[in-house]
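Below, chains carry the letters A, B, ... as their sequence lines are ordered, and counting in each starts from 1. Computation of the quantities below employed the complete heavy-atom set of this structure, encompassing side-chain atoms and omitting hydrogens, waters and symmetry-equivalent molecules.
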Amino acid sequence: MEEFPTNTNTKQTENLDEPPNSRLFVVTSRSITEDELRESFSVYGDIHGVWVVKDKQTKESKGIAYVKFAKSSQACLAMEEMHGRVLVEGTKPVKVFIAQSRSSTRHRDVEDEELTRIFVMIPKSFSEEDLKDTFKEYGDIEYCVIIKNKSTGESKGLGYVRYYKPSQAAIAIENCDKTYRAILAEPRTKAPVTEDYSGGTSRGDYSGGGGGGSDSSNQYAFPMADHGNYPAIDYRSSVDFTCCLMMSTRAALSQEQVFALFDLIPGMEYCELQRDAYGMNKGHALIRYANLGSSFYAREKLNGFEYPPGNRLSVNFVDDGEDRSSPVGRMAVQFVTTQMMSAPWNGPSSSQSMKPSFPISPMLRIQTDVNLPPLKKLAPPDSKAKERLFVVFSPSPLPPDVLEDVFCRYGSLIEVHLVPGRKVGYMKYSEKQVRLWTEGGACKQQKNRRHWV
DNA sequence: CGACGGGACGC
DNA sequence: CGACGGGACGC
């Protein structure tokens, strides 16, 4: 049996949490052995011990195990890479989490939310751009924030950096200049460290005593779908509601899987897996929708969604470069949010129903079912057709008036012609160069989108 | 003077 | 669902 080294005469439990977040909690098949675990996990770092928990009487595995790494970054990387993978043919996919520190009594999973944001001390002269430039070498940054005096606006010399992956935050903490004093940030809203007095928390030497358990109020801007106990989202980051979403995942997902998933919500314009530094299709994907209603709905439905089973996706807004600070932009945001709030929420408990059910409102239905370009006038009925689009419908054709409404937006449409009894039709235009999509990258998606039209 | 060490997010 | 062992150091 593999054992943690017995190199000191002090209780070993003190090593298990040193350094913090360097131990994995693995939920796996009962048949998996320590050797198999060590074999699979050893490529991610220096393993200091593997231990399969067994029933005291029967000595049978309980299907859970701990894997201790030398460094937190190694453990995080192993978690990100191994979560959801099948270790031995025919066994269930493993779930991998950072283990709770042994002194901790709670048995909640350690969420990515708690592992991706770091807290740093920086020169007062640092701008948020400086902060980003300094810490981007350790990983992809979701956002940077500097704590400032609210009245004068001057920096307090403290900042937060949110990465997309726990391993990136861990690498930053391990490798950045010591003068930054980088540590993991305590999650924002919950009262900081309530019961964990037992000499040092898993976060390292966090000594900043009080610091505001005062906030018991709901941080959500509005009632939200309840995705189990998925952690709260920071709505006050630099980015609020946009048409762009960033999806983060620990499981390996293919471009096709991500595409199919986000394409369930009508209005998807763009979806691309971002390769990580090692060229693996993991980590995160960028998705853009044609409108706020769609992106909002997609975030609601897919953030915290388990896909594949055992792997929770995180989906959040990212800056899409649009300015929504104008009165019109704000109204659009407000409109969408109120629609979403008042929409009958088909409960999350209903087994993650992922049907692209679009109850919301007539207004929103139009916004979301139909892609963006504005309506254009039809060409005179007797115009000569200079270009025709051949359209294949799957599963079946839509009403001609709907098609007209959609296809007239991309050129001067003369008429919609459906071939009777077939699932095909022609869109006749009086001009060449009918523009379907302005984005070059979206062309290949065209065929997949037909049935949403 | 200058080294040291400190540390928390507008609701 | 899925959370914490067995064995015995060295001055």
With centres under 5.5 Å and planes under 30° as the test, does [X] stack with [N]?
X: A:Trp51; N: C:dC4; value: no
X: A:Phe25; N: C:dA3; value: yes
X: A:Phe119; N: B:dA8; value: yes

Nucleotide nearest [X] (side chain, heavy atoms from C-beta), chosen from [options]:
X: A:Val53; options: C:dC4, B:dG6, B:dG10; result: C:dC4
X: A:Ile147; options: B:dC9, C:dG2, C:dC4; result: B:dC9
X: A:Arg117; options: B:dC9, C:dA3, C:dG2; result: B:dC9
X: A:Ile183; options: B:dG6, B:dA8, C:dC4; result: B:dA8

Taking OP1 and OP2 of C:dC4, is either one under 4.0 Å from a side-chain nitrogen or oxygen of A:Arg23?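 A:Arg23 to C:dC4 OP1/OP2: no side-chain N or O under 4.0 Å.
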
Would you kindly compare A:Lys156 and A:Met121 by the position of their nearest DNA chain B nucleotide and give the one closer to the 5′ end?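 With A:Lys156 and A:Met121 compared, the 5'-side residue is A:Met121.
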
On DNA chain B, check which nucleotide each of A:Tyr180 and A:Lys150 is closest to and give me the residue with the more 5' one.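 Nearest-nucleotide comparison on DNA chain B picks A:Tyr180.
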
On DNA chain C, does the nearest nucleotide to A:Lys59 precede the nearest nucleotide to A:Val27 from the 5' side, or the other way round? Give the residue.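 Nearest-nucleotide comparison on DNA chain C picks A:Val27.
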
Mind checking A:Lys92 for me? I need base, sugar-phosphate or nothing, with any heavy atom below 4.0 Å counting as a touch.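 Since only primed, P, OP1 and OP2 atoms lie under 4.0 Å of A:Lys92, the category is sugar-phosphate.
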
What nucleic acid atoms does A:Val26 come within less than 4.0 Å of, heavy atoms only: base, sugar-phosphate, or nothing?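 It contacts nothing in the nucleic acid.
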
Does this structure show an ion pair linking A:Arg162 with A:Glu113, if we count only N-O contacts that are shorter than 4.0 Å?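 Looking at A:Arg162 and A:Glu113, the cut-off is met.
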
Whole angstrom value for the distance that separates [atom2] of [N] from [atom1] of [X]:
X: A:His107; N: C:dC1; atom1: NE2; atom2: C1'; value: 14 Å
X: A:Ile118; N: B:dC9; atom1: CD1; atom2: P; value: 17 Å
X: A:Ile122; N: B:dC9; atom1: CD1; atom2: P; value: 14 Å
X: A:His83; N: C:dG2; atom1: NE2; atom2: P; value: 14 Å
X: A:Lys56; N: C:dG7; atom1: NZ; atom2: C1'; value: 14 Å
X: A:Lys95; N: C:dA3; atom1: NZ; atom2: C1'; value: 13 Å
X: A:Glu186; N: B:dA8; atom1: CD; atom2: C1'; value: 9 Å
X: A:Asp55; N: C:dA3; atom1: CG; atom2: C1'; value: 15 Å

If anything within 90° of 0 is syn and all else is anti, what is B:dC9?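 Classified anti.
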
Where does B:dC1 fall, syn or anti, if syn means a chi angle no more than 90° from 0?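 Anti, since the glycosidic angle lies more than 90° from 0.
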
How close do A:Gln255 and A:Cys271 get, counting heavy atoms only, and between which atoms?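 Residues A:Gln255 and A:Cys271, closest heavy atoms: NE2-O, 2.8 Å.
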
Quick check, are the ring centers of A:Tyr297 and A:Tyr289 under 6.0 angstrom apart?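 No, too far apart.
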
Within a reach of under 6.0 Å around CD of A:Glu174, are more than 12 heavy atoms found that belong to other residues, nucleotides or ligands?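 More than 12 heavy atoms, drawn from other residues, nucleotides or ligands, come within 6.0 Å of this atom.
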
Taking side-chain contact (heavy atoms from CB on, under 4.5 Å) as the test, write out the residues that go with A:Lys124, two or more places apart.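 With neighbours one apart ignored, the set is empty.
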
Do we see a donor-acceptor contact under 3.5 Å between the side chains of A:Asp177 and A:Thr179?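 Their side chains do contain a donor-acceptor pair, which is all the 3.5 Å distance test asks for.
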
